[in-house]
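Notes follow the structure.
Just so we're on the same page: letters track the sequence lines, and every chain starts at 1. In this text the structure is predicted, and so the values were computed from the model without any measurement.
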Amino acid sequence: MSNSANGAALPGAGGLGSIFDARQQVSEAVSAGLKRRYARERRFRLYGMLATLFAVVVLGILLFTIIRTGLPAFTQTMIKLSVTLYPQEIDPKGDRDPQTLSSADYQRLVRDALDDYFPDVTSRNDRRELFAMISPGATYVIRSMVMADPSLIGKRIEIEVPLKDDIDQFAKGKIDREADQANRRVSDKQIGWYQRLVDRDLIVSRFNTTLFTAGDSRSPELAGIWGAVVGSFWTMTLTLLMSFPLAVGAAVYLEEFAPKNRWTDVIEVNINNLAAVPSIVFGLLGLAVFIGFFGVPRSSPMVGALVLTLMTLPIIIIASRAALKSVPPSIREAALGVGASKMQATLHHVLPLAMPGMLTGTILGMAHALGETAPLLMIGMVAFIVDIPSGPLNSATVMPVQIYLWSDAPERAFIERASAAIMVLLGFLTVMNLLAVALRKRFEKRW
Amino acid sequence: MSLSTLLLALLVLSSLAFYLGRKKALSAAGGNLRTLHSLPNYYGYYLALWAGIPALAVFTLWLVLEPQIVQSLVVGGLPEAQRNLSPGRLGLLINDIRNLASGNIVSREVAPGLQEAAEHYVRLRDTSRIALVVAVLALAVAGLTFGRQRISAHLRARNQVETVVKVFLIVGSTVAVLTTAGIVFSLVFEAGRFFVAVSPAEFLFGTEWSPQIALRKDQVGAQGAFGAVPLFAGTLLISVIAMCVAMPVGLMSAIYMAEYAPPRLRTVIKPILEILAGIPTVVYGFFAALTVAPFFRDTGAAVGLTISSESALAAGIVMGIMIIPFVSSLSDDVINAVPRAMREGSYGLGATQSETIRKVIIPAALPGIVGGFLLAISRAIGETMIVVMAAGLTANMTINPFHAVTTITVQIVTLLIGDQEFDSPKTLAAFALGLVLFLITLVLNIGALRIVKKYREQYE
Amino acid sequence: MIAMQATTGRATDAAASPVPAFMTRDVCVFYGQKQALTNVSLDIHRNQVTSLIGPSGCGKSTYLRCLNRMNDIIDGCRVTGSILLDGQDIYAGSMDVVHLRARVGMVFQKPNPFPKSIFENVAYGPRIHGIAKDKTELEAIVHNSLEKAGLLAEVKDRMDQPGTGLSGGQQQRLCIARAIAVQPEVILMDEPCSALDPIATARIEELIDELREHFAIVIVTHSMQQAARVSQRTGFFHLGILVETGDTEQIFTNPRDKRTQDYITGRFG
């Protein structure tokens, strides 16, 4: 049966009748399979949707967890203290000598202020626990106030100073009050004292300006991203200054001047390959060549920028070449036709037209560099640096490395700050990307 | 005078030179600009280059060579006993001298000679800086004077300026090659020093990796064991997990975006994938270490599985998520490069959309997709931050994704972070690992780029 | 002397032979706001070659692509009017587009073999529709389709080599074999020879004539000579309107409409 039907199904195997049979058979086969085929179609489409959904959901979860973790870092729990600036403590001689003022025992004043609040806390151990609730930063606050205005000495001042990170975490509800005392970083007594302070309205929550003005610190409540932001600023500025001219030069040469030969092929393969070399290898290069051989200072934005320049160079070159390629040859011909030299045609006519594309590529390359971490670990930008770097040769760290350092820390408060730093970093990157998109939109091909 | 002030001065001199050059050319033309060979501005550029370039060259050279020269002079001035220290200890000594010189706290008691050496160092450096300023400024002025004399109406200023520009362009294009050369040179050189202490066979085939602890006293290198196989295995395990996530999800989402998604949805999803691609890896590392890994550990504990909090699974999956947009955008490109005629041929025969995709478009795009996958694998292998933050430090030979493993990149980072002496096998091992990493990714990249390029040509 | 009988730009197909394969009435096609085709009414008969001619952009390809709903792929394309295949409306909800395309095959302007072997190219249709019951049957179908397309002798020793390795004319015949392997009732050809050299073109034209025995064929062509050579009936399109249809001989020797006359004598086009 199958065989004869088969024969009939073949084109030209018989007369019109058998053709009709064959079509009938095909039609039946198609109808029979339709349901199954459409089911498969729907399934396939569903897989595609699920895959896309997965990517979107993951991004959502990622951003959600970071924002949820990071948001509390933008506020800091402060305690209102009423500090009496006893002249005999600060300036026994009374000559207002800055040296004396600067080295006075302000911690004692803070403790005195606390003792005023808790006259009942007297045992040595209890007092130590009590004092541990206040950040060591409190003393700096008082010192800088006194240094700025020595006339305050002898008066009583009302100040707000940060609480220690553990108490801050407790205040934000991040520490489980029910947990066993041994398993949490805040003792029962401290909780009791904290409660009394709350009852007396001495606890306030303030926007965490320290986060945006300070450098790194061992104490989370005193740590800020400003040092890293400045380090990133120096590194990025130098990277831009070095990579942009070089990359544009390379792209212009390869696209407009280079003869097609072995050497340019080598360069071409090189550039494409460099764009895919793991970033950590650039770090090794920086360590061996820039630090080991040329003696560029370790941990400095300079050496970071050198490494990032080499890393972003291929990205910018590739984008710049694409931009140059999209300039129609008629522009070049027109310029050459009125007697411009090849160089003039390129610099005066082609380059300006390709510039938006090149800038877009450069911004994206810089965004990439801004988020890069691994190679900078190799060249010592991972050091603990408290000071705000004042120049490209100072030791510095950068935003992503700061995030890495903080997320490695045991204190929850540092994790929080790492999340906050991520939010700031992502903010920068978003702005850069939007800029690139806007640039692309604004100067989209006009021919 | 600080270096940036010096550079600024140089810039001012060059601008002055531009003005002077232009003026000289105009006066040489005597009012008739047509007698000039080039436009007046070119004479300005010409003179500016004469003032700037030689001075800048000396400046750069000076900065590169100064540390070496000053250091060797300082070492030469040290007492005999200290001069003959081992290179490592000498390095530490020099470090101390530098720290002393810049007024920092030194790690140990200041040796009697050290203070003197530091002062010597400071004196030398100050002298060098003054000499630098004088030399650079003098050279700039000399260049200016010399160039100015050469300006006449017949001088082919434009051609000369253009030649300089062209040289700059060529230098720009060779930086890429120099970078590769630098990578190869530094990796091979340092790895070579490592292989003097540890045999390549032991490194490549040894199964014991503990660079910090000496296994036995008389061991070569006497520092630890350097068998990198567990690292290769760990890297492979995590990369495989990553690709298991990235390949299907990336490819399917690319297909959905290219073939199914309505245009409105596409304009929403595309930027989302781009955001995913633009997130720095340290953020993914943070996510892996603080969200995903604990989640897996707790889920495992809830169902009775022991999942390490540094499991290969967590690192691998997050790495896969990181690579999704990369795979997706590469696949999207190649799928869109399949000619429309191919689709129509299939639809014209009555194929459904999924049949067309599975049986015509994917086979047609396969080389490009494979190329994209290879690039993605290369990225997974070279990815550092996610594994540094979320994977383990101890080298385990296991294929159990619930256990902690370590990778090549993690070890490079841990070997090089912290106090390091440049000569110990421990630090040098990082370069040997770097060399292996570079070679693996090089092969993958070049292979992938070839395949993709061939594929592109096929449909052009 | 010029035939002026045609009074309207809209020609209806009056010369009806028994049971046309396709009966189309008042077909209009819109791309978004733009109307590409206005009120086309035309019948396609079995065992005949119908050629559609006209200047570029006149809507002949658009019309052709309505017949197996290839326009469905294009975003924003809308079709009105009725297109009946064996009396069934192909745009009705009950008509399945997959089934329709199995019944109405298509050959494209540029040969578009899949990047697969010659065998797999022809086997593609039967495979997706599940026509062949087993491997031998599939082989028989492929074999016969290639033979019918006049390609078998040239490729039978290299069935497993890629179809893209064939010459242009061979590729186009491969595409024809691929189309007839699913036993369609109608084959639509969209300028099938425009990318081929004259010898390959002649070969395809011969083939079209042979295929007429089993299939209704609609061919869109630029070349009036080709239309004259291969078709029995001809429709002339101009600016989205079917100006005139009739027997090929009549259209070329005695056109009723002035525009047809002008086009055929080469005054525009």
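Contacts between C/Tyr124 and chain B at a heavy-atom distance below 4.5 Å involve the side chain alone, from C-beta outward. Residue C/Arg65 touches chain B through its side chain alone, counting heavy-atom pairs closer than 4.5 Å. When heavy atoms are compared at a cutoff of 4.5 Å, C/Pro184 does not approach chain B at all. At a 4.5 Å heavy-atom cutoff, B/Arg358 makes no contact with chain C through either its backbone or its side chain. When heavy atoms are compared at a cutoff of 4.5 Å, C/Val104 approaches chain B solely by way of its backbone atoms N, CA, C and O. If you measure heavy-atom distances from C/Ile128 to chain B, the contacts under 4.5 Å come from both the backbone and the side chain.
Most heavy-atom pairs under 4.5 Å with chain C, from the set B/Ala351, B/Pro363, B/Pro262, B/Ser346: that is B/Ser346.
Side-chain contact annotation: C/Gln226 with C/Thr221, donor-acceptor N/O pair under 3.5 Å present. No hydrogens or angles considered: a donor-acceptor pair under 3.5 Å links the side chains of C/Ser231 and C/Ser51.
Salt-bridge formation is detected for the pair B/Asp332/B/Lys270: a Lys NZ or Arg NE/NH1/NH2 atom is positioned less than 4.0 Å from an Asp or Glu carboxylate oxygen. Salt bridge annotation for B/Arg340-B/Glu344: present, with a cationic side-chain nitrogen under 4.0 angstrom from a carboxylate oxygen.
For residues 76-102 of chain C, a heavy-atom distance under 4.5 Å to chain B picks out C/Val98, C/Arg101, C/Ala102, given by residue number.
Counting only distance, with no hydrogens or angles, the side chain of C/Gln171 and the backbone of C/Thr164 share a donor-acceptor pair below 3.5 Å.
In this structure, C/Leu52 and C/Leu42 have side chains that are in contact, with non-hydrogen atoms separated by less than 4.5 Å.
Atom CG of C/Asn144 and atom CD of C/Gln183 lie 9.5 Å apart (nearest 0.5 Å).
Remark: C/Arg46 fails to qualify as a cation-pi partner of C/Phe215 under the 6.0 Å distance and 45° angle criteria applied to the six-membered ring.
No option in B/Ile335, B/Val334, B/Ile255 other than B/Ile335 meets the side chain to side chain contact (heavy atoms under 4.5 Å, CB included) test with B/Ile361.
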